[in-house]
Amino acid sequence: MMHFPQNFLWGTATSSYQVEGNNTNSDWWHWEKRSGKENSASACRHYELYAQDFDLARALNQNAHRLSIEWSRIEPNEGEFSQAELKHYVDVISALRERNLEPIVTLHHFSNPQWFAEKGGWERSRNVQFFLRFTKFVVEALADKVHFWMTINEPLVYAYHAYVLGVWPPQKKSFLKAGWVENNFSVAHIKAYKLIHGIYGQKNLPAPAVSIAKNVQAFVPCRDLFRDKFAAYLRDSWYNFEFVDRLFRHHTLDFIGLNYYSRQLVEIKKWGLQNLIMDVCQQNHHPLKKNSLGWDIYPEGLYDLLIEFKKYNLPLMISENGICTPDDGLRWEYIRGHLQSAHQAIEQGVGVLGYFYWSLIDNFEWDKGFGPRFGIVGVDYTNHQRQIRESARKYAEVCKTGVLE
Ligand code: FCB
């Protein structure tokens, strides 16, 4: 029997672009059209069906929900702020509160307004001001309803996919630009952190809790060779910690959101900077069960990372953890394994605020389209009906009792 702390946040996570549908002013929408990729179209129609989806979350005993606000709805054209869309999100957050679901609100989850992308997006340091203006507009309206804010979701994942691999808009391949993007994200967070705290201060509200959602991976050396071990060490220090260190040094983290999915098996073909940074095992040495995108299922990695992150002496939040699979039994095995790891870390004195399964409902998985099924609730895309999966019911038992058997 594993008992989790009292007041633990039990929830699921989504992001606006992946579930809402018809975000026609987003750079992703424009890119889908240009690239001929699967169109997000009406996605899960969550924009219309959010109340019903939150009813499900509540019925499944969850007490928290992580979601994001779509900047391209709030500010469809530069400097033109939509009161109607702002009201929509006020209603959404109120709907969570009415159901006793603690909202965790992300301000940037991969998608940008098209006009912002046309101005050079996150490559340009002078564009950070636009994100701050949007942040101010939203936070002023929601401050009395929201305690937990996440400024940026997975800054390095975004920079890597959009500016190194070039598989996400704007499809560039430049380490240099990826570096600028990363830097601008850190500046945006540091300034947004101060801005958000300032707004709560002016309104005499209790201080909010502000963080980012940091994607972390377990880097496991493939062979007992110095170069594999060295590369794994480098990647762990750089990928998992460097960005967080920066924000930490500026005292701009009230807690740390960690998104954990999988491990990376590190096998370096030869010495070389690019090899040290990029080479991964191609042979599937040390095979493990995988999700439908081929990512290894490795719950031990979550334990190791939680222990490593203890050094900051800040509360941690597992802001995403999930699996896409047609095998719902495997989904539960995945959730169970990762909760077990979280519990083990808690027993070692790590402060964990909560766990957010990715995702409440199946959704649009970026460049991979609608194929991967991450939801504990399924979505039939022909009629948008929701189907509660067995894993959701099992997770609901844990959410209800705070005990994992
Ligand atoms: C994370 C993203 C999220 C979702 C999951 C599967 O990296 O934050 O939007 O796509 O992966």
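Indexing begins at 1, ligand by ligand and atom by atom, following the structure's order. No experiment lies behind these values; they were computed from the predicted model shown.
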A.B. asks: Which of the atoms in ligand 1, numbered in the order shown and given with their element, are less than 4.0 Å from a heavy-atom of H109?
C.D. replies: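 Taking each heavy atom of H109 in turn, ligand 1 has 2 (C), 3 (C), 8 (O), 9 (O) under 4.0 Å.
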
A.B. asks: So if I count the atoms of ligand 1 from 1 in the order they appear, which ones are less than 4.0 Å from some heavy atom of F374?
C.D. replies: 6 (C)

A.B. asks: Taking everything shown except K191 itself, do over 12 heavy atoms lie less than 6.0 Å from its NZ?
C.D. replies: no

A.B. asks: Taking only non-hydrogen atoms of V157, do any sit less than 4.0 angstrom from ligand 1?
C.D. replies: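 V157 does not count as a contact of ligand 1 under the 4.0 Å cut-off.
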
A.B. asks: Here's a test for you: under side-chain contact (heavy atoms from CB on, under 4.5 Å), which of I297, L302, D296 qualifies with R263?
C.D. replies: D296

A.B. asks: Answer with yes or no after comparing the ring centroid distance for Y193 and H197 against a 6.0 Å cut-off, counting only values under it.
C.D. replies: yes

A.B. asks: Which residue owns the protein heavy atom closest to atom 7 (O) of ligand 1, what's the atom, and how far is it?
C.D. replies: E154 OE1, 2.5 Å

A.B. asks: Of all the non-hydrogen atoms in the protein, which one sits nearest to atom 5 (C) of ligand 1, and at what distance?
C.D. replies: Y261 OH, 3.2 Å

A.B. asks: Quick check on contacts: which atoms of ligand 1 are under 4.0 angstrom from a heavy atom of N153?
C.D. replies: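 Checking each atom against N153, I get 8 (O).
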
A.B. asks: So which protein heavy atom does atom 10 (O) of ligand 1 come closest to, and at what separation?
C.D. replies: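 Here the closest protein heavy atom is E365 OE1, 2.7 Å.
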
A.B. asks: Pick one: which of N183, T252, I190, V187 meets side-chain contact (heavy atoms from CB on, under 4.5 Å) with R246?
C.D. replies: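 Running side-chain contact (heavy atoms from CB on, under 4.5 Å) over N183, T252, I190, V187 with R246 returns exactly one hit, N183.
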
A.B. asks: Below 30° counts as parallel, above 60° as perpendicular, anything between as tilted: where do the rings of Y357 and Y395 land?
C.D. replies: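 Ring orientation of Y357 relative to Y395: tilted.
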
A.B. asks: Using only atom types and a distance under 3.5 Å, with no angle test, would you say the side chain of N112 pairs donor to acceptor with the backbone of D27?
C.D. replies: no

A.B. asks: I'd like to know if the side chain of D327 reaches the main chain of L330, judged simply by a donor and an acceptor atom lying under 3.5 Å from each other, with no hydrogens or angles considered.
C.D. replies: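 Flag set: sc D327 to bb L330 pair under 3.5 Å.
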
A.B. asks: Starting from atom 1 (C) of ligand 1, what is the nearest protein heavy atom, named by residue and atom, and what distance separates them?
C.D. replies: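 Residue, atom and distance for the closest contact: E320 OE1, 3.1 Å.
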
A.B. asks: Which of the numbered atoms in ligand 1 are under 4.0 angstrom from any heavy atom belonging to Q18?
C.D. replies: 3 (C), 4 (C), 9 (O), 10 (O)

